[in-house]
**Student:** 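Before anything else, here's the structure in question.
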Amino acid sequence: MLSPTMDAKISLELDNCIVCPVCSTRHLCGKDQTKDGVFAGNCEGCGYFFKFRVKSDINSEISVTINGQKYTVGNEYPPWTSLNTYLRKERISVGTKVMCREGGCGICMVEAKLYEPISDTMKSYPINSCLCPLFMCDGMEITTIEGVNDVIPKRLAKYNGSQCGYCSPAQVMNMHALLDFNKGSVSMKEVEDAFDDVICRCTGYRPILDAMKSFATDSSCRSKTSIADIEELGKTFCPKTGQRCHGKCHPEMGQKLQVIGADTVWYRPTTLDQLFKIVSDNPGKKVRFVFGNTGSGVYYRDLGLANFDILIDLRGIKELYGVDVDSTIILGGNLSITQLIETFTRFKLTTSYAYFTQLVNMLQKVATRSVRSLGCWAGNLMLKHLHPEFQSDIYVSLEAANVGLMIADKTGSNQIPIGQFLKTDMTNKVIVAMILYSMSDDHFIRMYKVAQRAENSHSFVNAGIRMQIEKCNKFVVKEKPCIVFSGISKDFVHAIQTENYLLGKELSDVKVIQGALTTLASELDPDPNIDSVEPSAGYRKNVAIGFLYSYFLDILGDSVGSKFRSGAVPLQRPLSSGQQSYDTKPMEWPLTEPLMKLEAINQTTGKAQYINDIPLHKPLYAAFVTSTVGNAKLKSMDPSKALTLPGVLKFITAKDIHGENNCFPNSMAEEVLCSGDVVYAGQALGIIVADDEETANRAAGQVEVTYSDQKQPILTIEDGIKAKSFFPNPGDVVTAGDADAAIANSPKKITGSISFGEQQHFQMETQISICTPTEDGMDVEASTQWIDLTQQSTAMVLGVPESSINVRVKRLGGAYGSKITRNLIVSAGCAIAAQIMKRTVKLNMEFHTNMKMVGRRFSYRADYTVGCMQVGNLNGIKIQLYSDLGCLPNDNNLPVAFTFIDNAYYCENWKLTPVAVKTNKPMNTYCRAPGSTPGIFVMESIMEHVAKELELDPTYLRTVNLYKKGQKTPLGGTLKYCNIIELVNDLETSSDFGKRQMTVEEFNKANRWKKKGLSIVPMKFALTYVGVHFNAIVNIYAGDGSISISHGGIETGQGINTKVAQVCAYELGVPMDLIKIKANSSLTNANDYTTGGSITSELCCLAVINCCKDLKTRMAPVKAKMKNPTWKEWTQKCIEDKVDLSSRYCVFQPGTTDPYYNSYGVTCTEVEFDVLTGQHLITRVDILNDCGESMNPMIDVGQVEGAFVMGLGYWLTEQVKFESTTGQLLTRSTWEYKPPMAKDIPIDFRIQLLKNAPNPVGVLRSKAVGEPPLCMSCSALFALKRCVEAARQDIQNNTFFALDGPATVDKLQELCLVNPSQFVI
């Protein structure tokens, strides 16, 4: 008989001695006899069997409180598991999303109570749950979107701050943490500064910022917010007591922890001695110290937690949290970067620590608020130590501040100056603290940084400069200065020669300034190979010299010539704002009413279910194995290493496919899995199936692939032209009149070329599919914009009839064209795996795989010749338009580009020749405004060139050539309704363009190093219904009169469901709350066209209108026999009278290439530009957009803003780069690829929807709005071009230059032709 488990307290003096409860015989407790903390055995004295619970001061499991509920986790999860994986896998929080798994997108945001050493309390911080290790959360209180009340979610929804909704829970959690930390009291500036971490691809950020700023104490909307509401924001309640939860129901964070996984052990010591003992006890093993794990977001290949045997959590070591503010300031290594900023902020007003202001300004630009909250400053320095090429803003700042570092190992601790740190062997050592020294007021420290975008972006080059200067004595440099750089080369830190040169020199002497700059130029030798994605060596060198020049200008102050003083300080961004103006007709409501989206509240509260959130019963998980080279032959694949990983079940290759190895119906074949020819790096070679998603992704990287016959990949249009690599039949040559003759007879002939690159869709929901075998086929949940094609594709690869495939889509977390045809291969691959495994399979495309395997926006090159009059009138235009289609031509958009290439300008004679270039890249595809964006940009670039050659103002040239009503386009269409001249005149007036242009000119004359630019871009956007068909079914339920609708469009965030419901309510005369929009499926919406081209919403509305008219016709005779019935009574009577209350209608449009109507718009953009760095601010944007009579102005304004900001990314920040020898995508992470953030949007963002402008041929007088505004975003590029022209004019260079896209900061600065000889005082 077994005795009950007993406490080990009956053991005597020896800790490992167990006493038999019967005969008192002592027994030594060996580790080999202890399992899961329990010792079991027979007494050696009497034979009695006993069990004892062995007490230990080391926990083997963690306790974490999530939304007030305690959870206990042991080694059932591996030590490298992230908090996000746990939250989602256990379905504790599926509202918490995940995408990049590197902390760069921010959509995994949760709130954590973290230790704050100054107040010795736990405070609320936003953290990235994808980076945060699960076992680091022991003792923490975590709040997710499910644990907050609805105050912030409702506010965000009300302001139309949610479109696709995938980022919305993170936006809410970011604000929740901010308010919770500050006890509800924040300023609007604090709010804007805090929103640097969650990317939104849909909204353009303006409504998100407005919603969150409405909680600020200095907001005019503050009065509308109850103080009680704000105070309740952070409250979660204990399910046991009903009281406010403080996370005290589990062990304190000081408890030691040891979790033994299959391959890795997680330790959490509580002292440094324990830390070093753990290291000593594990010789020869790979050990990693962990505090925030944020470094793995940058260097995930070598810092991923799964790569290590021993993981040691530093958060439990209280010694590392020290804050000592006596004679010097000593700050522990465990202070997060956010806490470091808070500490510096407290002391920056102290005279001897005034330089803290500079440190704060620099540290606030490090990564994001959530990364700064999770990561510590010491970890950042260690990352710099491990990767000397890492452009650490923190290292540069602390080096400039001359801090000391306290370093410890098992032998003790010692202090070193930070200058010795990078050369110090840090093996098995830890940074204990930094020592900051007071400085007299004649010490001047300045920090500098240049990056791809305004926030959440690593430095291209950064600098920290410190000098002790006697200003009253000719600015003598009293001691050896400190001039530190990062981003030059991995070994270059100090500009030693320049430092030595400046010692004792007088900065008031111009020759000294020039000597210092010359010396710096001579010792700067940027490594061109420091990182293949980084800007050129020449740019980095010029910027570095410019930083020192800026320092001199700043220090010398008013003694500098007034024209050059603008170079002293970086651009300063003020608080942003927006204005929206539109028409609405209350008599027609809910039609034209600015209503909140139907899904908005569910999205902002995290309740909206996306495909990755669908609960599944014991699914399997698939991941693609992809190629690492392009243009080669597949020689062999060896999956043996992958198959040895626990949980890996199958490796699938092309030979396992039952149907066709082709996922693209009715076009050139696209292989699902490579059968031999590797045509691009990132191509799918095979599929791993495992019982866990992370295991599948890990295993996919373990398959060993060899190649043969590897050739140089063709990666650019220029490569393709040189190799004569073209696809046949790219489209028809378009001719109108006789362009050759018109050009030959023109007094002015202009020839040029313009190029612009690709763009990642960067939808927050990556490609995903879930496939479940059924008795009659396959059920498919797919992130597709085109259900019909996905159904055909899946049937084809499985070898079954289309009727066997049931495809369903409720909503998408963003798409922008990426899910029209590019989900085909994903759903096909998933279906193949499900068919083979005879189980439900989910294929959730891992972010980096998604980036490199899925095609992007087409890149283009246009070679043009123009003939025109001297006064600017266009006579003839010839354009040869090259498009990089990638490895397949199936989504060729060249013919569509020619629909838009005239933009808003009349010319009688045209010749347009398409050329489709074949490259070794994934098949490029549609991306928001895929044909209009290139067409319009090419024409606008031509207008810029013509204006320059004729020495005319570009805006004047544009207005001279604007279309007039009745004129014909190059494709032969007649403009029956053309109001572009009126729109341009209206915007010039409303934006005060003329006065602002004069102000800009005066500013540019007065300032050498800052410039302003102003540009107007008009737009004609042709909407065509070629070959489209959309259906809808409207059902009225007689029991209560409620209504369901299923239509042929996919809700991607564009508000289609809301507009459909508004139209239905308007047509039937019923309240909106009676109407529900159901998921789209291949059963209810068979044979529908793709959602795209901006026309889906209006055509689905048209289908619903026809359904409603049909229903009203059927129901009218019933109502005629009734006396003032209610809607419910009427519907019930209809059923009694045998009236069918379901109606289906399909909208078919004639297959003509003629535009059905044109949408018009015009945009004015103003920018301010830093000539020394290339960085810039978009200070104001005015958009006048013709939406006809908007069905929902709130939704349409959101579409205008979102499209425009996505366009800003395309033209200014989103650069795609490939490795030249393999063809691998280099910009496949959030570290390198940069969509716009909240501080990249216009500071003053003004949107007008054209009033009193019903569309005579539109659905309910409306016009499309999803894509047209993106086409006008190139106005920002041309405004920046004005700045570059002004800078070149200062050096008497007034020649024309083409400004290709994207116009990144480095390209813009290099075009200014700046060199150090121009750096005068």
Side-chain angles (χ1 to χ4, degrees), residues 157-163 202-211 221 577-598 600 977 979-980 982-991 1018-1019 1021 1023 1053-1056 1058-1063 1065-1066 1072 1094 1097-1098 1101 1157-1164 1180-1205 1241-1242 1244-1256 1258-1273:
K158 176 185 174 183
Y159 276 71
N160 195 34
S162 176
Q163 287 188 21
C202 296
T203 66
Y205 298 99
R206 194 277 311 162
I208 297 173
L209 295 177
D210 281 1
C221 300
S577 64
Q579 298 178 25
Q580 304 84 43
S581 174
Y582 49 77
D583 258 349
T584 182
K585 294 183 176 181
M587 293 296 292
E588 295 182 1
W589 284 6
L591 193 66
T592 79
E593 185 177 1
L595 287 176
M596 182 174 67
K597 277 176 62 231
L598 294 180
Y977 310 98
N979 58 357
I980 187 61
E982 290 81 0
L983 262 68
V984 171
N985 290 337
D986 288 349
L987 188 75
E988 285 189 353
T989 300
S990 64
S991 66
M1019 174 199 66
F1021 192 99
L1023 276 301
Q1054 80 278 47
I1056 187 172
T1058 306
K1059 288 184 175 180
V1060 161
Q1062 285 178 276
V1063 166
Y1066 172 73
M1072 287 275 291
S1094 298
S1097 292
E1098 61 196 66
C1101 285
Y1157 64 84
N1158 287 287
S1159 175
Y1160 296 94
V1162 58
T1163 294
C1164 176
R1180 179 173 163 182
V1181 166
D1182 295 76
I1183 298 177
L1184 178 57
N1185 198 79
D1186 177 10
C1187 292
E1189 192 172 286
S1190 172
M1191 296 183 194
N1192 187 320
M1194 178 181 283
I1195 287 176
D1196 286 352
V1197 164
Q1199 289 294 292
V1200 171
E1201 292 172 326
F1204 188 83
V1205 171
I1241 71 170
D1244 184 354
F1245 205 177
R1246 306 186 186 194
I1247 309 298
Q1248 297 180 66
L1249 302 187
L1250 186 64
K1251 298 178 181 178
N1252 301 314
N1255 181 6
V1259 178
L1260 294 174
R1261 303 165 297 283
S1262 68
K1263 286 188 177 183
V1265 69
E1267 294 178 316
L1270 191 148
C1271 303
M1272 298 186 286
S1273 58

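When reading the values below, keep in mind they use all heavy atoms of this one structure, side chains included, and skip hydrogens, waters and symmetry mates.
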**Student:** Any chance you could measure Met1194, atom CE, to Tyr159, atom OH, to the nearest 0.5 Å?
**Tutor:** 10.0 Å

**Student:** Taking side chain as C-beta onward, heavy atoms only, is Pro590 less than 4.5 Å from Leu595?
**Tutor:** yes

**Student:** With sequence neighbours excluded, what pairs up with Asp210 under the side-chain hydrogen bond (donor to acceptor under 3.5 Å, both in side chains) test?
**Tutor:** Arg206

**Student:** My understanding is that only residues two or more places apart in sequence, or in another chain, count here; which of them pass side chain to side chain contact (heavy atoms under 4.5 Å, CB included) with Pro207?
**Tutor:** Thr203, Glu1201

**Student:** For residues Leu987 and Gln1248, report the shortest heavy-atom separation together with the two atoms involved.
**Tutor:**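 Looking at all heavy atoms of both residues, the shortest contact is CD1-NE2, 4.2 Å.
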
**Student:** Which heavy-atom pair separates Ser1159 from Leu1023 by the least distance, and what is that distance?
**Tutor:** CB-CD2, 4.1 Å

**Student:** If the condition is salt bridge (Lys or Arg N to Asp or Glu O under 4.0 Å), which residues does Asp1186 pass it with, not counting sequence neighbours?
**Tutor:**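 Salt bridge (Lys or Arg N to Asp or Glu O under 4.0 Å) check on Asp1186 returns Lys1263.
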
**Student:** Going by the rule side chain to side chain contact (heavy atoms under 4.5 Å, CB included), which residues pair with Tyr582 if we only count those two or more places apart in sequence or in a different chain?
**Tutor:** Gln580, Pro594, Pro1193, Val1197, Leu1249

**Student:** What residues form a salt bridge (Lys or Arg N to Asp or Glu O under 4.0 Å) with Glu1098, not counting sequence neighbours?
**Tutor:**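 Glu1098: no salt bridge (Lys or Arg N to Asp or Glu O under 4.0 Å) contacts found.
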
**Student:** Got Ile1183 and Phe1245 here, is their nearest side-chain heavy-atom distance under 4.5 Å?
**Tutor:**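 Side chain of Ile1183 against side chain of Phe1245, heavy atoms only: contact under 4.5 Å found.
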
**Student:** If you look at every heavy atom in Cys1271 and Phe1021, which pair is closest and at what distance?
**Tutor:** SG-CE1, 3.9 Å

**Student:** Closest approach of Ile1241 and Gly204, non-hydrogen atoms and distance?
**Tutor:** CG2-O, 3.4 Å

**Student:** Nearest heavy-atom pair of Gln1062 and Asn1192: which atoms, and what distance?
**Tutor:** OE1-ND2, 3.0 Å

**Student:** Does the pair Tyr977 and Asn1255 meet the rule for a side-chain contact (heavy atoms from CB on, under 4.5 Å), with working shown?
**Tutor:** CA-CA 9 Å; Tyr977 310 98; Asn1255 181 6; 5.9 Å; no

**Student:** For Leu598, does its backbone N or O pair with a side-chain atom of Thr1058 as donor and acceptor, under 3.5 Å?
**Tutor:**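 At least one qualifying donor-acceptor pair exists.
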
**Student:** Are the side chain of Asp1182 and the backbone N or O of Ser991 linked by a donor-acceptor pair below 3.5 Å?
**Tutor:**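 No, because the side chain of Asp1182 does not come within donor-acceptor range (under 3.5 Å) of the backbone of Ser991.
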
**Student:** Is there side-chain contact between Thr592 and Asp583, with at least one heavy-atom pair below 4.5 Å?
**Tutor:**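 Thr592 does not reach Asp583 side chain to side chain.
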
**Student:** Can you sort out the partners of Glu982 under salt bridge (Lys or Arg N to Asp or Glu O under 4.0 Å), two or more places apart, ordered by chain and number?
**Tutor:**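 Glu982 satisfies salt bridge (Lys or Arg N to Asp or Glu O under 4.0 Å) with no other residue.
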
**Student:** Where do Lys1251 and Asp986 land on the salt bridge (Lys or Arg N to Asp or Glu O under 4.0 Å) test, with the steps shown first?
**Tutor:** CA-CA 11 Å; Lys1251 298 178 181 178; Asp986 288 349; over 6 Å; no

**Student:** Just to verify, what does Ala157 make a side chain to side chain contact (heavy atoms under 4.5 Å, CB included) with, not counting sequence neighbours?
**Tutor:** Met596, Ala600, Ile601, Thr604

**Student:** According to side-chain hydrogen bond (donor to acceptor under 3.5 Å, both in side chains), who are the partners of Ser1097, at least two apart in sequence or on a separate chain?
**Tutor:**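 Ser1097 satisfies side-chain hydrogen bond (donor to acceptor under 3.5 Å, both in side chains) with no other residue.
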
**Student:** On a heavy-atom basis, which atom in Val1265 and which in Cys1187 lie closest, and how many Å separate them?
**Tutor:** CG2-SG, 3.5 Å

**Student:** Can you list the residues that meet the side-chain hydrogen bond (donor to acceptor under 3.5 Å, both in side chains) rule with Gln1199, with sequence neighbours excluded?
**Tutor:** Gln163, Arg928

**Student:** Less than 4.5 Å apart, any side-chain heavy atom of Met1191 and any of Val1259?
**Tutor:**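 Met1191 reaches Val1259 side chain to side chain.
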
**Student:** Among all residues two or more places apart in sequence or in another chain, which pass the salt bridge (Lys or Arg N to Asp or Glu O under 4.0 Å) test with Asp1244?
**Tutor:**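 If we apply the salt bridge (Lys or Arg N to Asp or Glu O under 4.0 Å) test to Asp1244, skipping adjacent residues, the hits are Arg1246.
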
**Student:** Suppose we screen for side-chain hydrogen bond (donor to acceptor under 3.5 Å, both in side chains). Which residues come up paired with Glu1189, at least two apart in sequence or across chains?
**Tutor:** Lys585, Arg1261

**Student:** Answer whether the closest heavy-atom distance between the side chains of Tyr1160 and Leu1250 falls below 4.5 Å.
**Tutor:**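 No, too far: nothing below the 4.5 Å cut-off.
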
**Student:** Hey, does Asn1185 have a side-chain heavy atom less than 4.5 Å from the side chain of Ile1247?
**Tutor:**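 Ile1247 does not reach Asn1185 side chain to side chain.
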
**Student:** Could you state the interatomic distance from CE (Met1019) to OG (Ser1273), rounded to the nearest 0.5 Å?
**Tutor:** 11.0 Å

